[in-house]
Amino acid sequence: MRHPFFKTHTKMNQLLSTYLSRILDGGQLDEAEVYSLLDMPSDELRDAAAQVTARFMPRQFDSCSIINARSGLCSENCKWCAQSAHYTTGCDNYPMVPYDECMEAARLNHEGGVRRFSLVASGKAVRGKALATMCGMMADIKERTGLYTCASLGLLGREEMQQLRDAGVQRYHCNLETAPSHFVTLCTTHTYEDKLRTIEYAHELGMAVCSGGIIGMGETPRQRAEFALALRRARPHSIPINILAPIPGTPLEGTPLISDDEIFDTVAIFRLTHPTTPLRFAGGRKRLSREAQLECMRIGINGAIVGDLLTTIGSSVAQDRALASDAGYEF
Ligand code: SF4
């Protein structure tokens with residue numbers, strides 16, 4: 001008689017094969033099926049996700065770069081964030097990046113072959129004069145470099161989003177951050193629905209949407225699946241995945257690090273839940289070995305926020321180009 005584990009394993013593999021065939025045919029998993037991925041054997045789960053990535057993701061690596069246009073002094077209390085004024089973290093505080101520094105960052109990234117460039121600002125929302133200044137920067141970047149422009153300026157209203165759109169910004173970034181059931185334990189100054197409203201404004205104005213979040217913030221594996229499902233509400237064109245690097249001074253400073261295996265399984269679940277949406281490495285990947293980063297890219301990651309001297313991603317554009325090439329991508 002066969003061992004019961006073997007029977008269960010075989011049944012799971014059959015179920016996964018059924019899911020995989022459906023996804024490769026253009027279908028998608030329902031909610032219960034996404035949760036059932038948590039019971040699948042890891043190797044098979046990751047291989048299934050890798051097949052979906054190979055089928056649906058272009059061979060061109062989806063690179064982008066960011067500049068912190070405004071840093072620190074944020075009114076919000078997100079427990080993971082160095083920039084919240086509720087915590088003492090020693091992060092840089094400045095209200096506006098100098099214009100020349102922003103243009104230089106855009107120029108360097110453009111020359112390095114990076115495809116998209118984003119202005120990112122701390123705070124609940126950028127409004128008024130600060131928004132007008134940032135819109136001017138984005139319009140100038142577009143005119144001088146032709147870069148695809150993105151912005152991440154908080155919980156904008158419709159009119160503010162329109163200002164960005166008028167400045168030529170093509171994509172708006174607003175992370176849902178984590179599962180809804182976990183978010184309420186990490187931030188009480190704004191809500192998931194606030195984020196979804198801003199994201200909807202971007203959709204209504206014909207902008208693309210970038211929305212993902214952070215894993216390793218003490219969430220359970222089930223909450224990672226819940227998060228992947230919740231992101232469907234944002235209808236994102238790009239999903240950035242950050243890995244928490246706990247920051248001293250924040251309430252999450254003592255959070256145990258998520259293991260490489262958990263990261264691989266999470267990438268697989270995200271890929272199988274979002275078969276045709278680019279998944280990009282964002283912050284926190286520098287703690288992974290090169291091999292672990294390549295494994296993430298085999299499973300599902302096909303883009304990244306890449307670094308240069310003006311950002312703190314922890315890698316250079318040249319290093320990331322070599323990494324993407326080793327993973328089989330053109331950069
Ligand atoms: S709103 Fe943004 S900048 Fe402010 S604390 Fe939250 S994550 Fe940090």
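Atoms within a ligand are numbered from 1 in the order they appear, just like the ligands themselves.
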- [ ] Let me see the working for Phe270 and Phe227 under ring pair (Phe, Tyr, Trp, His ring centres under 6.0 Å), right down to the final yes or no.
- [x] CA-CA 9 Å; Phe270 271 62; Phe227 178 32; 5.5 Å; yes
TODO: Apply salt bridge (Lys or Arg N to Asp or Glu O under 4.0 Å) to the pair Arg222 and Glu226, showing each step before the final yes or no.
DONE: CA-CA 6 Å; Arg222 187 172 171 86; Glu226 179 193 341; over 6 Å; no
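Applying the side chain to side chain donor-acceptor pair (under 3.5 Å) test to pairs two or more places apart or on separate chains, those with a residue in residues 117-139 are Arg127-Glu160.
When the options Arg290, Arg285, Arg280 are evaluated for a salt bridge (Lys or Arg N to Asp or Glu O under 4.0 Å) with Asp320, the one that passes is Arg285.
Listed by chain and number, Cys81 SG are the protein N/O/S atoms closer than 2.8 Å to atom 8 (Fe) of ligand 1, with waters left out.
Ring geometry for His237 against His203 counts as tilted: the plane angle lies between 30° and 60°, on a 0 to 90° scale.
A cation-pi contact links Arg116 to Tyr148, judged by a cut-off of 6.0 Å to the six-membered ring centre and 45° from its axis.
Within a 4.0 Å radius of atom 7 (S) of ligand 1, the protein contributes at least one heavy atom.
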